[in-house]
Amino acid sequence: MNKIAQIFQTLDYGPAPEGPDQANAWLDSHGRKFGHFIDGKWTKPGKTFASDNPANGDKLADITEGTAEDVNAAVKAARAAFKPWSALSGYERGKYLYAIARAIQKHSRLFAVLETMDNGKPIRESRDVDIPLVARHFYHHTGWAQHLSREFPDAVPYGVCGQIIPWNFPLLMLAWKIAPALAAGNTVILKPAEFTSLTALLFAEICERIGLPKGVVNIVTGQGETGQAIVSHEGIDKIAFTGSTEVGKAIRAATAGTGKGLSLELGGKSPYIVFEDADIDSAIEGLVDAIWFNQGQVCCAGSRLLVQESIETRFIAKLKTRMASLRVGDPLDKSIDIGALVAPVQVERIRDLMKRGVAEGAVVYEADGPVPAKGCFLKPALVTNVSPANTLVAEEIFGPVLVAMSFRTPEEAVALANNTKYGLAATIWSENINLALDIAPKIKAGVVWINGTNNFDAAVGFGGYKESGFGREGGREGMSAYLKPAWEKELKAAPAAKPAPAKAENPLDSGHLDQTAKMYIGGKQSRPDSAYNRAVLDPKGQTIGEVGEGNRKDIRNAVEAARAALSWSTTAAHTRAQVLYFLAENLDYRRDEFAARIKAQTGEDGANEVALSVERLFAFAGWADKYDGAVHNPPLRAVAAAMVEPLGVMGIVAPPSRPLLGSIALIAPALAMGNTVVLVPSAQSPLSITDLYQVIETSDVPNGVINIVTGDSVTLARTLAEHDGVDAMWFAGSAEASAIVEKASITNLKQTWTSRGLYYDLADRRFEGDYFLSKATQVKNVWIPYGA
Ligand code: NAD
């Protein structure tokens, strides 16, 4: 048989290698040894470590290990560059971003080849996905730079941003971080991952070439310790981190109490749900992309297949057939599906996890087919016979390993999908759009793809729920992650709490001793678990009432009640508005009584505070059905619906001052957006809130939506922050206590807002809108393809 006939017979691929010559020439031009890029210049290489090609083990270059002094020099350069850079017009900054985008396109093949050599990902992916998306990000943010002042009128950049990225999409993660930061007017110090520094260094050369002002972008290479030096540097105003949840938690703890801005894009274990009415062949192709794109080293990889029981056997059989045609091999070969993993240590890690999973009962399937003898290669694997507790189901594997489970009903699918500490992404396959759109909001994840997977675009925010982190990259949300309110820098220290008045000699003088307010939990008044009460004193030191001394048990009960009431989040916005209006109405009806209570506790005129509280309830009732999402039009046949969702259960600790407004101003936005609340009112003056029980009870607030625990603010705040059932935490109090709350929040990486000892005048109208609304919500992007 001649060769052509033979090829027709077997349909085998021939080799289609991409040449490494230009990338090698670029490496040679640097003597295969790199320093850092600081203040527009290359530093002399210091102590170095090797960067290898994982496909063959060859050393590509020596990379400098960044020291604390290197980070210092970079911060100094970025600080000096900040003023002139942020003072440029948006148009001027945009032109630089545009020049970067153009230059990346011009050198796209060099970037793609270098990325593949350094990371091991197939050239098909670096050439057709990574690098085009990098250019798209810089183009997109060119526009944001120019329209910033119109779209974010009261916002300013943070200043100097420290950015730390992982190795799985080296240049793309750099683009996701640098483009919005620069558009907003920040300057940056970026540390690439130790395995994959090369395209970041080539990017630095591009910055040099287009004449980006020195110090605006600084690239400091190194390992975890260099990252730590960035995180702990006092001259850095914001940390943006992408990487593992473990390191993300360490960074949250290290930045607690420093006032640094923080966004965390962390790990995932994303469900891939296939309903029985799905287009199965498309779902199989989608699944190949979901779990074997980039060898499964994708934060949002669809690594947990949940397939409806009625089609499970057929689906798994088809999947195995498809797996047999996936080609593992040299990533520079254009017809390879699966390239090399990033490093031997990753291969070992994955093998260990597999061993553990198998010991726990998992069954592993791998198709026949060749795998290169040398290099970091693993076959695609399908794991079955697993329970939700199996290591391979629970842990992020970050490799080409798919675990499969089945479900019977949509409810079961949702329960399994959400049975994870992560919440980055999810995929839903069904030809029934009604079903798919019913499931999407029920899944706790920042991105949901319907009948597609791994869609990304610069205009569409990306980021996680739960322990997948907080903050978004891309789109409007991504821009706001690099901006802060201009007025924040004018905040003054909160006045020191008035010393507690000495207790009056004869407490019976006040004539109010019969009143002992209880806790308010699940719509009922309940006695404090501790069976202790604390006196509430007037400014003269006379006891005017007593409230319960809340403890851990009370918080636990309140959180349980708040979780049980989470159907509030799916109550129509109109209904939530009605409840808030009703609260306002009933409070207004009793304004004299509430004003008198404020005066009794603080000695100050309470009428104005009650009026402001009523107005604030009205304001957020008005917001309930207006603070909503957007529909994005990414450059493919799909729309992405950016849905604004509540965070869940919020722990809110009110400031000591303004007994009524201090609490109302914080709970109103939380409730308006569909969160349920555990509120700790002012420790000094809690009676305005314990009086509110009756107003709550007469205003149609469902049981458990507002829960109130009185007692010591800092003790209760710490307990709330540590509680895994609390999704977010707001705390108004001292700097020291704010640090305690932020540190305690790492248990489940809850989002926090703390006042850090600063005086937030909650009467100010600036707190009547998106300042707190944005902090009470998170955006989920649901991708919906179209086209028959
Ligand atoms: P990693 O957390 O080990 O490292 C990430 C980066 O942090 C590297 O640059 C590393 O040098 C640095 N680092 C390590 N220890 C540090 C410390 N103590 N302080 C500061 N910096 C430190 O993660 P990885 O193995 O490089 O990447 C894989 C992880 O990244 C996965 O969990 C994956 O899901 C996640 N990821 C998330 C997203 C997202 O957008 N959510 C995107 C890509 C990857």
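Starting from 1, each residue takes its place in the sequence as its number. Counting starts at 1 for both ligands and their atoms, following the listed order.
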* Which protein heavy atom lies closest to atom 12 (C) of ligand 1, and at what distance to 0.1 Å? -> Ile164 CG2, 3.6 Å
* Please confirm whether Trp176 and Phe462 have ring centers closer than 6.0 angstrom. => yes
* Can you confirm whether something in the protein, heavy atoms only, sits under 4.0 Å from atom 23 (O) of ligand 1? => yes
* Can we call the ring centroids of Phe138 and Phe203 under 6.0 Å apart? -> yes
* Asked: Out of Ser244, Gly471, Cys300, Gly224, whose heavy atom is nearest to atom 3 (O) of ligand 1?
  -> Ser244
* Taking both backbone and side-chain atoms of Ile165, is any N or O found less than 3.5 Å from an N or O belonging to ligand 1? -> yes
* **More than 12 heavy atoms from other groups under 6.0 Å of NZ on Lys76** => no
* Asked: In the protein, what heavy atom is nearest to atom 28 (C) of ligand 1, and what distance, to one decimal place, separates them?
  -> Phe398 CE2, 3.4 Å
* Asked: Considering only heavy atoms of Lys191, which atoms of ligand 1 have at least one such atom less than 4.0 Å away?
  -> 8 (C), 9 (O), 10 (C), 11 (O)
* Asked: Of all heavy-atom pairs between Thr747 and Ala721, which one has the smallest distance, and what is that distance?
  -> OG1-O, 3.8 Å
* Do you know the tightest heavy-atom contact between Lys121 and Ser126? -> CD-CB, 4.0 Å
* Asked: atom 27 (O) of ligand 1: which protein heavy atom is closest, and how many Å away?
  -> Pro166 CB, 3.3 Å
* Candidate list Met354, Arg356, Lys355, test side-chain contact (heavy atoms from CB on, under 4.5 Å), partner Thr391, passing option -> Arg356
* **Audit row: Lys249, Glu467, salt bridge (charged side-chain N to carboxylate O under 4.0 Å, His left out) steps and yes/no** => CA-CA 9 Å; Lys249 286 186 177 182; Glu467 293 190 31; 3.0 Å; yes
* Could you list which atoms of ligand 1 come closer than 4.0 Å to a heavy atom of Gln228? => 17 (C), 18 (N), 19 (N), 20 (C)
* Structure fact -> among protein heavy atoms, the one nearest atom 35 (C) of ligand 1 is Gly243 O, 3.1 Å
* Assert yes or no for the condition that the ring centre distance of Trp26 to Phe34 is strictly below 6.0 Å. => yes
* Atoms in ligand 1 flagged as close to Asn168, the criterion being non-hydrogen separation under 4.0 Å -> 43 (C), 44 (C)
* Asked: Should the pair Asp724-Lys466 be classified as a salt bridge under the 4.0 Å nitrogen-to-oxygen rule?
  -> no
* Structure fact -> Note: ligand 1 atoms sitting under 4.0 Å from heavy atoms of Gln223 are 11 (O)
* Asked: Between the side chains of Thr64 and Lys44, is a donor N or O closer than 3.5 angstrom to an acceptor N or O?
  -> no
* Atom indices of ligand 1 within 4.0 angstrom of Thr242 heavy atoms, with elements -> 5 (C), 36 (N), 37 (C), 38 (C), 39 (C), 40 (O), 42 (C), 43 (C), 44 (C)
* To do: Around atom 25 (O) of ligand 1, find the nearest protein heavy atom and jot down its residue, atom name and distance.
  => Trp167 NE1, 3.1 Å
* Using a strict cut-off of 4.0 Å, indicate which atoms of ligand 1 neighbour a heavy atom of Ala193. => 9 (O)
* Is there a heavy atom in Phe241 that sits closer than 4.0 Å to ligand 1? -> yes
* **Polar proximity ligand 1 side, Glu396 side, N/O cut 3.5 Å exclusive** => yes
* **Cys299, portion touching ligand 1 at heavy-atom distance under 4.0 Å** => both
* Phe462 heavy atom under 4.0 Å from ligand 1 -> yes
* Protein contact of atom 41 (N) of ligand 1 - nearest heavy atom, named by residue and atom, plus distance -> Leu266 O, 2.8 Å
* Check Ile230 against Ile236 and note the closest heavy-atom contact, atom names and distance. => O-CD1, 3.4 Å
* **Sub-4.0 Å atoms of ligand 1 with respect to non-hydrogen atoms of Gly227** => 19 (N), 20 (C), 21 (N)
* Heavy-atom pair of closest approach, residues Leu353 and Leu392 -> O-CD2, 3.4 Å
* Starting from atom 16 (C) of ligand 1, locate the nearest protein heavy atom and write down its residue, its atom name and how far away it is, to 0.1 Å. => Val247 CG1, 3.4 Å
* Please name the residue in the list Leu424, Val393, Ile397 that meets the side-chain contact (heavy atoms from CB on, under 4.5 Å) test with Lys269. => Ile397
* Side chain, backbone, both or neither: the part of Glu194 lying under 4.0 Å from ligand 1 by heavy atom -> side chain
